[in-house]
Amino acid sequence: MDTTTTVLPNNGGRRRLVLLPLPLQGHLNPMLQLANILQSKGFSITILHTRFTSPNPTNYPHFNFLPIPDVGLENHSLSDIGNLIRLLHHLNTNFLRPIRDSLARLMLEDVGVSCLITDAQWFATQTVADSLKLPRIVHRTSNISSFLSFAAFPLLRDMGYFRPFSDEELKSEALVPGLEPLKIKDLPKFLTSDSEEACELIELMVQGTKRAQAVIWNTFKELEELELTTLSRGFPNPHFLIGPFHKYFPESSSSLLAQDQTSISWLDKHPHNSVLYVSFGSLAMIEESQFLEMAWGLANSKQPFLWVIRPGSIQGFEWLEPLPDGFLERIAEGRGYIVKWAPQQEVLAHPAIGGFLTHNGWNSTLESISEGIPMICSPCFGDQPTNARYVSDVWKIGLELENGLERLGIESSIKRVMVDKEGIEMRKRVLNLKEKANLCLKKGGSSYTSLEDLVDYILSL
Ligand code: UDX
C-alpha cells in the first residue's frame, strides 16, 4: 500500500477535516484508521471526541484532539455501558449543543474547516452541520449488507415482525421475504430485546445517513457488489467503499484496553493453522451458563485455543470465577491460553491461527477475512446476525452455531472448520477474499480508486 503523504491542490485552503467518532471501541478503531488514511492524503485532522472513552492523543501526535465537555457521562465506565440504547439517545440529544459550540469555535479559529465526518450513529448531528453550513459526511463502521437490513425496518414492521417470537419462530429456518439471506430465527437477535426503542434509533441512523452529503464504508466492492447496487437505488448520495481500513498502515493504537502481548509469544509455539482464536469483541456479554458451555466445548475439542475473556463480560462476574474446578489444569500443557484482551489484528495475522470463534462484530469479521481465517459465528445483537449469515450462507467462509453456545455444537463446529474437508473449502474461499482485499488497496484497485474519488469529492465541497 502506497502511504506517502500527498500534497493537495488548493481548495480555497480548506483542508481541515473534523472527525467525530462514537465513544465505543468498535467505532473508535475504524474512525481513527480513517483519520490516518485521510491524513496521508494531505488533510489536517481534528478529532472531536467525548472525554468518556477518549482515544489516547499521545498515540496520534499528528492529529489535533478537541474534547467535547461531557454532559452527564462522567459516571459511566466501560463495563457500565451495557445499555447502549440509553447511551446513543443521550449522545444524540444532550451532546448537540456542546458539539455545535466546539465546531463554531473551531471554525472561527480556523477558516480551513472543509467538512465534518461523523459516525452514522451520531445521526442527530446533521442539524448541527446544517446550522453551521458545514457539509457532513457519514462514516458507517459496519457493512452495506447489515445497513440494508436496518433500512428494511419499516418493511419488517409492515410484515408484522416487531413482536415477541413464538418458540417455533425462534428456530425457523425460513427466509425473511425481501431480506434474504436473513432467516426468521435471525430476527429476534437482530431486533434486540428492547426492540421498539432500538428500532427507533436504527431508523434515525438510517435517515441521518440518507441526509448526509456522502457515506464512507469500511468494506470493499468485491465483497458487497450486489448490495452496493441495491444501496445506490435507495440512497442516491455518493458512497465511497475504501476498506479494509486496518490494512493501510501497521496497527495503530486506538485500543482502550491493554493488549496482552504474551498472546503472540504463546502463538509462536504452535504449528500453522492449528489454533482457534476466540473473542466476542468489546461489548457483548454472555451468561454464566453460556460461558461454561464454551469452556467445555473448547476443552473437549482437543484443539489449541487462544481465548479472550474481557473482564466483566460474563454477567455477574469479574473475570474467570465461574470456570469449573480443574478446567485450567485440563487445558494446561499449552493447549489453551486465556487473556483479558489481545492484539487482535496481530493475532489473526499470525500463521498459527486456523479459525476464529467470533461474535461477528464488523471489525472482527473484516479483520478475519483480511487474514484468510474461516469463522465459527455466534452473533449477539445489532449487525452481527447479518454479518454471521453472510459469512455462513453467502460468502461460505464459516458456519454459524445454529443452537447457540452449547458444548457439543461448539466441539463439532471446531472440528468441521479446523479439521474436516468442509473447513478446507471454507479456507480456500476466505483466502480468495483475502487476495481480493489485498488487490483492492493496490493502485487501480477498487478501494484505491474510491479513496482517490473521495479526496476529489472532499476538495470539491
Ligand atoms: C461493535 C459491534 O458489536 C459491532 O457489531 C459493530 O460492527 C461495531 O461496534 P465490537 O462488539 O467491539 O463492536 O466488535 P468489533 O466490531 O469486532 O470490534 C472489536 C475491535 O476490538 C476490533 O477492531 C478488534 O481488533 C479489537 N479487539 C478485540 C482487540 O483489539 N483485542 C481483543 O482482544 C478483541
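Whatever order the structure lists them in is the order used to number ligands and atoms, beginning at 1.
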Using a 3.5 Å cut-off on N or O atoms only, is [X] in polar contact with ligand 1?
{"X": "N363", "result": "yes"}
{"X": "Q384", "result": "yes"}
{"X": "W362", "result": "yes"}

Margin query: With a 3.5 Å distance limit and no angle check, can you tell me whether H90 reaches the backbone of V71 through a side-chain donor-acceptor pair?
Written below: yes
Next item on the list: Answer yes or no: is there a donor N or O on one side and an acceptor on the other, between the side chain of T229 and the main chain of E225, under 3.5 Å?
Entry: yes
Could you see which bit of [X] sits under 4.0 Å from ligand 1, with heavy atoms only: side chain, backbone, both or neither?
{"X": "E367", "result": "side chain"}
{"X": "V308", "result": "side chain"}
{"X": "Y277", "result": "side chain"}

Return the closest protein heavy atom for [atom] as residue, atom name and distance.
{"atom": "atom 31 (N) of ligand 1", "result": "A342 O, 2.6 Å"}
{"atom": "atom 20 (C) of ligand 1", "result": "N29 ND2, 3.6 Å"}
{"atom": "atom 1 (C) of ligand 1", "result": "L283 CD1, 4.1 Å"}
{"atom": "atom 5 (O) of ligand 1", "result": "D383 OD1, 2.5 Å"}
{"atom": "atom 27 (N) of ligand 1", "result": "W341 CZ2, 3.4 Å"}
{"atom": "atom 14 (O) of ligand 1", "result": "H359 NE2, 2.9 Å"}
{"atom": "atom 34 (C) of ligand 1", "result": "Q344 OE1, 3.2 Å"}
{"atom": "atom 30 (O) of ligand 1", "result": "Q259 NE2, 3.1 Å"}

Check: Parallel, tilted or perpendicular for F63 and Y60, by the 30°/60° rule?
Finding: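 Ring orientation of F63 relative to Y60: parallel.
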Next item on the list: May I ask you to decide if the ring planes of H239 and W217 are parallel, tilted or perpendicular, using 30° and 60° as cut-offs?
Entry: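 Correct class here is tilted.
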Which atoms of ligand 1 sit under 4.0 Å from any heavy atom of [X]?
{"X": "G361", "value": "4 (C), 5 (O), 14 (O), 15 (P), 16 (O), 17 (O)"}
{"X": "S279", "value": "34 (C)"}
{"X": "H27", "value": "8 (C), 9 (O)"}
{"X": "S364", "value": "15 (P), 17 (O)"}

Next item on the list: Of all the heavy-atom pairs spanning A120 and V138, show the shortest one and how long it is.
Entry: CB-CG1, 3.6 Å
Checklist line | Pairs satisfying ring pair (Phe, Tyr, Trp, His ring centres under 6.0 Å), at least one member in residues 294-318, at least two apart | finding: F291-W307, W296-F327
Notebook entry, point to check: Do T219 and W362 have side-chain heavy atoms sitting under 4.5 Å apart?
Noted result: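 In short, these two side chains touch, coming nearer than 4.5 Å.
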